[in-house]
Each structure stands twice: as structure tokens, then as C-alpha cells.
4 protein chains.
Amino acid sequence: MLRVLFVGDVYGKPGRRVLAAELPRLRAQADFVIVNGENAAGGFGLNREAFELMLNAGAGAVTLGNHAWHHKDVYSLLDHPQLVRPLNLPPGTPGQGWRTFEVGGQRLTVVNALGRVFMDAAHNPFLALDDLLQRPDLGSVFVDFHAEATSEKAALGWYLDGRVAAVIGTHTHVPTADSRILPRGTAFQTDAGFTGPLHSIIGADPEGPLQKFVTERPHRFGVKEGPAELNGVWLDIEHNAALRIERYHFEEART
Amino acid sequence: MLRVLFVGDVYGKPGRRVLAAELPRLRAQADFVIVNGENAAGGFGLNREAFELMLNAGAGAVTLGNHAWHHKDVYSLLDHPQLVRPLNLPPGTPGQGWRTFEVGGQRLTVVNALGRVFMDAAHNPFLALDDLLQRPDLGSVFVDFHAEATSEKAALGWYLDGRVAAVIGTHTHVPTADSRILPRGTAFQTDAGFTGPLHSIIGADPEGPLQKFVTERPHRFGVKEGPAELNGVWLDIEHNAALRIERYHFEEART
Amino acid sequence: MLRVLFVGDVYGKPGRRVLAAELPRLRAQADFVIVNGENAAGGFGLNREAFELMLNAGAGAVTLGNHAWHHKDVYSLLDHPQLVRPLNLPPGTPGQGWRTFEVGGQRLTVVNALGRVFMDAAHNPFLALDDLLQRPDLGSVFVDFHAEATSEKAALGWYLDGRVAAVIGTHTHVPTADSRILPRGTAFQTDAGFTGPLHSIIGADPEGPLQKFVTERPHRFGVKEGPAELNGVWLDIEHNAALRIERYHFEEART
Amino acid sequence: MLRVLFVGDVYGKPGRRVLAAELPRLRAQADFVIVNGENAAGGFGLNREAFELMLNAGAGAVTLGNHAWHHKDVYSLLDHPQLVRPLNLPPGTPGQGWRTFEVGGQRLTVVNALGRVFMDAAHNPFLALDDLLQRPDLGSVFVDFHAEATSEKAALGWYLDGRVAAVIGTHTHVPTADSRILPRGTAFQTDAGFTGPLHSIIGADPEGPLQKFVTERPHRFGVKEGPAELNGVWLDIEHNAALRIERYHFEEART
Ligand SMILES: [Fe+2]
Ligand SMILES: [Fe+2]
Ligand SMILES: [Fe+2]
Ligand SMILES: [Fe+2]
Ligand SMILES: [Fe+2]
Ligand SMILES: [Fe+2]
Ligand SMILES: [Fe+2]
Ligand SMILES: [Fe+2]
């Protein structure tokens, strides 16, 4: 059995800080840790410093999302064997959309896929997963489905039920209270939630989004400072199925 | 103090069944019950039969959403003093977007508002709430914010913090694990979740959505049969502020 | 040289009427006629009656669009050698997204592709065309690009310039005044316009859309009755390049 | 009678160049010139230099659009009596969404309004126009409707038919070949087209958009250099009705 911790979208400096402080302790209880890092650098994208911080804190694999390409830095990181970019992109896209790791004598494949409802165009994630799952020797498969709509996320869960160990959503930055193991053994949760500033609007200082929504004009968004939360999902995985799924939530003291 | 239960989007026959079975018991513990009924009739909209079933089960107020207008029946119900349609629609829209109830000598105003991100055009919900909150004698205010994007929902929560007792989201049909009381006393949860069939894709039989996502062609959706879940939020409210917020989840036996 | 007439989206009964009345005369001046029929049956989709009417009027090929699947009838027509459904859909989709015709000893391949900006998810049309254009013996290629955004349509034109004879847009139902031959010989026009009722809102009786936009509630749309217009594009094609592009517009008398 | 020229979205340096070169000559034939300047500064928004260039070239009024707020410069220009920002924004928005001009003893009111289909949230443009048209002494009214969807644009034309002199669309950057006078006297054209670089994708160098559409990753867009086109609409207006509508198109030599 593998004990896997998945940590949702690390957002900006507050997200990196709480991750660096808490992950080493959590890492000690896990066989493997996967961290979504699509917002790790300033709230948009990934740079080398943020990537290394996550690895040093204990991430075995870092996944991405729609903001993957925001910092040009990411292009120099894509060949790193612990970085997983979205799978459902055209042939020839640099980097890799899945990576297989050896964990205590077992194989664990980490996949990152993009949804398409209310998001930019991408390849069909359902068919991309079908293709990937033809491959031999993937071992147990963990899918970080980076998507907006609850319908599309639930659909991928049901589609892959019995074929992967877990489908866990990211992107909305809010954890959902629907963790479950589907009938054929796949763990599912619509969204893991994010790792970033409390008292924010999905990471941003409320000032920017509020100005935008009230005035109907664009406004600059800033990363909210102050205490942060860390949201994740614990999974017990065996033979490409889940035995247990449990939400994890940590908050820094609100001083 | 008022003990208020809010029940998320009742979806089709399974949703009506679990509501009719469970709400009378819950009603006995509450001072007032609010039920979102925008999907109560066949998964889309509201008809007289579904409305009466919800009232009979104990709903003091029924709120709606983007599917409000699906059944023509709804037009004959809009003057009912317990039905609250979306607030942020043009002047002259039939029905009312807020209703004030007398509950045990206290006033409780129930509001239903529509988000605009990834949704059809509507009036600005932030400004519509500003207008409404000018009115005297609203007592404690409960806002069902029917919206898709987590950012817009969080924004309304922060915008109204200290001015209403609660902002609880609906529409995504998935409960979120972020219940909190904001610094100035407003209870907030991104989504209450829905009341409808387990083993579904936000209410629909997985067959339809899966066909759509896999084939990239439209497919007919049906309501999933079988056991249902009920998702809600318990609130303790006093002087237009929340003292407590707690998620509630019930599942019928999976036979 | 081939003289090709392309007729934009035939919409409902008024569109079928003007097509049946005018196309035979136009057909006599053309080597080949292509008609977009995605709205031919009642404003949405295609049925057998409408398909046969278009063939009888002189269409050599009928193309479709996002409404292709609206009538179940279409499934029984998809194997017809003159019906071209959208190309960029998953492997296994019934029907064919391109058809090659022998016209006066020359080959003409007709393609129908879907855009993705502001539209439902589909396969990448740029890459789908790349794949298709690998095939031998296509002769001159005509692409009906059924898309919403002017940017995506212009992009496909520039992408295929020199590789196909024409990229003509459909879907917005309004003809654009930008007919041109791109530097490497591909004829381009953002939208051919539609073939349907004058005094309508892209085919619909203004009543429905106006009610929707003014009230912010859904309303039923009906096909507008009365005189119709026919919009098309004349192309002179040789060796997979265009020698001439010219808009064509006909209106029934406004009695 | 007033002879009015409306010039569509001036885009970046090529757009400013062709406008500065050609507008003085055209201005001499017109009683009044209206120019949409929402893309005048670098392709996004308006700055002082671009605004003054347009006034110096002969613009009597400059309208804006969804990109109005891109350059902070615009905030210092909004009180200028010749600048018209989008009308349908919240009360308190700086600037004015309509301006009345005295032209040869007649009044001409210029309005700029935003669509909402496939665009960011704004106030209801139909109702905003209803409100505006209550005002006395507007004289003849010209509406620049900055919107994406052909349906919404046609709807506003029909809605205002007989109440304003003209509804001319902007935003798609492609002129439409549907200029007409509606039954009650309002001139209508879905889009005026833009004033900017030929051989571009709605203004941008094709390289950026093509990379985006092919790779499904974001790419930087640049303004295309080289020869430009100018698109506009000539209107003869009298007593708040149109006597004539005619498209105007000019292209710099393709050297
Ligand atoms: Fe994220
Ligand atoms: Fe994201
Ligand atoms: Fe719902
Ligand atoms: Fe809804
Ligand atoms: Fe169409
Ligand atoms: Fe279409
Ligand atoms: Fe523009
Ligand atoms: Fe624009």
C-alpha cells in the first residue's frame, strides 16, 4: 500500500511559506507527495525558485494547470523528471503530461489533465486518458484534473472509475466536501482546494476582484498577504485502487 | 437567536424524495428552513407539485436560480409569499428577489442572487445587494448566491461581510469544505451542495454527460435514479450576524 | 478551372424556399455548389427532407456545423456521399469530415471544420487540417470553417494559406465584406452569411431574442416568416488555389 | 441633413498612420466624424497621444469599447467633451457614455455601448439605451455597439429601430456586408470593421495567434507592421433617422 498526499494549488508567497513549514512534517507520514504548483510563482505559473522550494519541502512530483506557461522559466524546467505538465496538449508540447515513479518497490504514475468547460481549448481529456491508460507498467495512477466545472470533473471520475486509483480536481482553489471512493475503486474529490492566503479571493487580495465586480472595469490583482491555509487529500492506494480518501486542512494562526 | 437550515438545489425525483423523507425531522430542530428548488422539477426549474412538496416538507422559503424559468408553471407561483426568485433581474420581472419572514418575533430576509461569471447575463449582483440593503426592517439577511465561479462567490461574501448574516453559494451541486465566519460576522460557504441522486454527475445519469464529453456531440441527459444525498448548511443567526455555520450531509442507504 | 458557389447556412423554411427557387439558376453557372445546411430543418440541424431539397436544388455537397446533431434524422444521412460533417471530432464519429468529388475531370475536396472560441469543445481544427492535408489526391480543397470568433477564422485562413484553395467562414449568419485572396493563393472570407429570413435576428423572429435580452430570462425562439435572403461566395479555383472570390447576395422581394 | 462618417476600431500604429493620412480628406466631405479608438494605443486601450492624433485628424468624437481601461492614461481623458466611454456601466463610472454635439445647427448624440454575449459583465445595454432615450434634446442618435455576437447586435438594431438614427457594431474588427436601413428608419450594420494592419489577425501579427491556436498554449501578440486598411460607414442622417448607409473601405498600397 502507498500512502500518498496530494496538495492543492500552491499560491504565491503565502502558499510557499505554509508549504515549506508544514510539508516536511507531513512528508514523514507519506510514501509520496504530489503538489500542484501552477500558482506557486506570484499567483501565476511556476519558476525555478518555487519549483525547488516545493521539491525541497518534500514534493515527489509537481503538477501544473492552465497557468503552467505564465513564467518563461517553466520551459527550462519541463524536462525535470519530477515536473508533470498538462497531458492533453498537442504532440510536440515540451515536457511530459505523466511521469511514473518508483515508490517503495511500487509504481505510481502521476497525471495532470486540463478540463475544457469554461476554460481555454485543449485536447479531449477523456480521450487523452484513454490513450495513456493503454501503456504498460503505469502501476497505480493518480490524476490531478485541473478543471472548472463540477460536471466535467465528476464525469472524468466516473469515466475512469476502476481504471485509475484517484481523480482529484484542482483549479477552483476551494476544497469540496465530497471525497468518496467510486463503486469500482477510484477515489474522487471534485477539488482539493488550494494552498495560499486565508482572507483572500482564491488567493488574491479581495480589493482587486471586488473593484472589478463592483465597477465592471478591470483592476489589478495582488497576492493577499497574511496567514495561509494548506489543503490536501490523503490517499491510501493499492493495486491501482484507493482504500481510503481523506481531506486534509491546515491553517496558520490568525494573529 | 435563529436556527436556520439551508438545503441546496433539490434535483428531480430523487431530490424530492429524500427531502420529503428527511426534512420534517430536520424542520423540528430549526426555526426556519430555506430550500433551493431551481432543479426540483425533472432537474430543471420548478412546477407547482414540486413547490408544494417542498413547503409541505417544511420549507419556509424556496429560492431559485438560473433554471428558474424552465417550467412555465413557475409564473403562476411567483406571487407566492414563500417563493424567492433571483434578485438581480430587470425592474418589472414578475415575483420578488427577496422576502422578509417573521420567525419567532424576529425578522429574517431571504435573498436569491445570480452570479455572472460563466453564466448568462444578469444585473450586477453586488450593486443589487447594495440597493436592497438600503431598505429598513430586513432583520437578519440570508443570501443564496447562485453562481458558478468560486472567485465571484468569495467576492460577494467579502463584499457583504458585516452587512448580512450569511452568503451561501449554490449552483455547482457540490458542497465545499470551506464553511467559515468572515471577520465581521457573515457566515460563508462557497457552495451548499445539492439534494439529489448519488452516483450521478451533478444530478444527471452519468451516461449523458459522458457521451457528450467523449464524443464531443450533444446527448440527452436524464435524471439518475437510485439513492440520493441531501446537502445543507446549519446556521445560528442573531442580529444579522452568524454565530455558527455547520455543513449537513445525509445519504440514503446504498442498497 | 472550377467555378464553385458556396451558399451559407440555410435556415428554416424561408431559407429552404429561397434556395429551392434560386439555386437551380445559379447551379447552371457553376461547376459545383456547396451548401451549408446546419440550420436547414426548423433553424437547428438537418433532416432528410431538407437534405433532399438541397440536393435537388443543385447542391453537390452539404456541410454542417455545431447544430449538426440536433435532429436524430441526421444519423441516417451521415453515410451519404454528399454530406460532410465537422472534421475535428473524435475518431469513430459517424460520417465523414471531408469528401472528395470529381468535377469535370478535376478533384475538389470539401471540408467542414468547427471553431472552438466561444463554442463547445472539439478537436483542434488547425491540427485536424494538418492531418487531412497529408492525404494524397485531395485536389483543390475548400474549407467551410464554422466558427464564431473573427480571430480564429482569420487564423485558420493564414494557417492554410497556400495549402488549400479557400477558407470560408460560416456560423455568424452575417456576410463579411472582407473577401480576399491571401498572399499564397487561398481565398478567404470571414463569414459567407446565411440563407434565411430577412427582418430576423440571425434567422429567428426578433420577438424571442429581444425578450431574452431585455428581460434577462430565456424565451422561445421562432423562425421568422417573410422574405428571405441568400448569401454565398463565388470562387474560381485552379490547382488548389483561388483566382477569384466574389460575394453573392440575393433578396426576395419585400412585399 | 448631416453627413456622418464612422470609422471602426483604430488599431495600433498602422491604424493611427492610415487614419492620420486619410481622415483629413474624408473629414472635408463630412459634417461630423466619429472614430472608435479602443485599440488606438498599441492595440489595447487609449492614451493621450493617440487621442490627440485622432482629434487632430478630424474626429469630432472618439468612442471606446471593452479595452477602454487598458491604459491608465484614459482616466485623465475621460472628462474630455469629445470622448465617449461605454454607456452601460455602473453609476459613478468616470466619464460619460454619451455626448451631444451641435453640428451645423443640429444636435447629434453619440453613444457607445457594450454587448454582453461572450464578453465581460456589464449593465444591460438594452435597458441602458431605454433610459438614455428618455432624455430630451438628444437630436439624432448614433450608437456604436461594441459587441461580439451577431445576434446581440442585430437585436439592438431591431430594438432601437425608429428610436435612433443608427446602430453600427464594432469589436470584431471585420466589416460586415449587411448595411441596411431597418423598416422604421434606423441604419444598421453588424460591424464597421477596423482600421489597422492588413495581413494581420484582427490587428495582431499572425505569428502570435497562430502559435496559440496550434500549440494550445498562450503566446505574446504583437501589432502587425506593414500596410493598413481603414473601414468605416457613411451615414446621411436627418430627424433621428437614416436616409443612406454606405460602407467605406480604404487600403494603403501593398508595396
Ligand atoms: Fe490554480
Ligand atoms: Fe488553474
Ligand atoms: Fe442547480
Ligand atoms: Fe443553477
Ligand atoms: Fe448556422
Ligand atoms: Fe452554427
Ligand atoms: Fe476593437
Ligand atoms: Fe473590443
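Since we're looking at a predicted model, the values are computed, not measured. In what follows, chains carry the letters A, B, and so on, assigned in the order in which the sequence lines appear, proteins first and then strands, with residues in each chain numbered from 1.
Chain D forms the most heavy-atom pairs under 4.5 Å with one residue out of A:Gly92, A:Pro90, A:Pro218, and that residue is A:Pro90.
A:Phe32 and A:Phe101 have tilted rings, their planes meeting at an angle from 30° to 60° on a 0 to 90° scale. Using a 30° and 60° split on the angle between ring planes, D:Phe51 and D:His80 fall in the perpendicular class, above 60°. Note: A:Tyr75 and A:Trp69 have tilted aromatic rings, judged against thresholds of 30 and 60 degrees for the angle between ring planes.
Only the backbone of A:Asn88 comes within contact range of chain D, judged by heavy atoms closer than 4.5 Å. Looking at A:Ala121, only its backbone comes within 4.5 Å of chain D, counting heavy atoms on both sides. Contact annotation for A:Thr93: both backbone and side-chain heavy atoms come within less than 4.5 Å of a heavy atom of chain D. For chain D, no part of A:His70 is nearby; none of its heavy atoms comes within less than 4.5 Å.
Rounding to the nearest 0.5 angstrom, the gap separating the CD1 atom in D:Ile168 from the CZ atom in D:Phe6 is 7.5 Å.
A salt bridge links A:Asp130 to A:Arg163: one of the charged nitrogens lies within less than 4.0 Å of a carboxylate oxygen.
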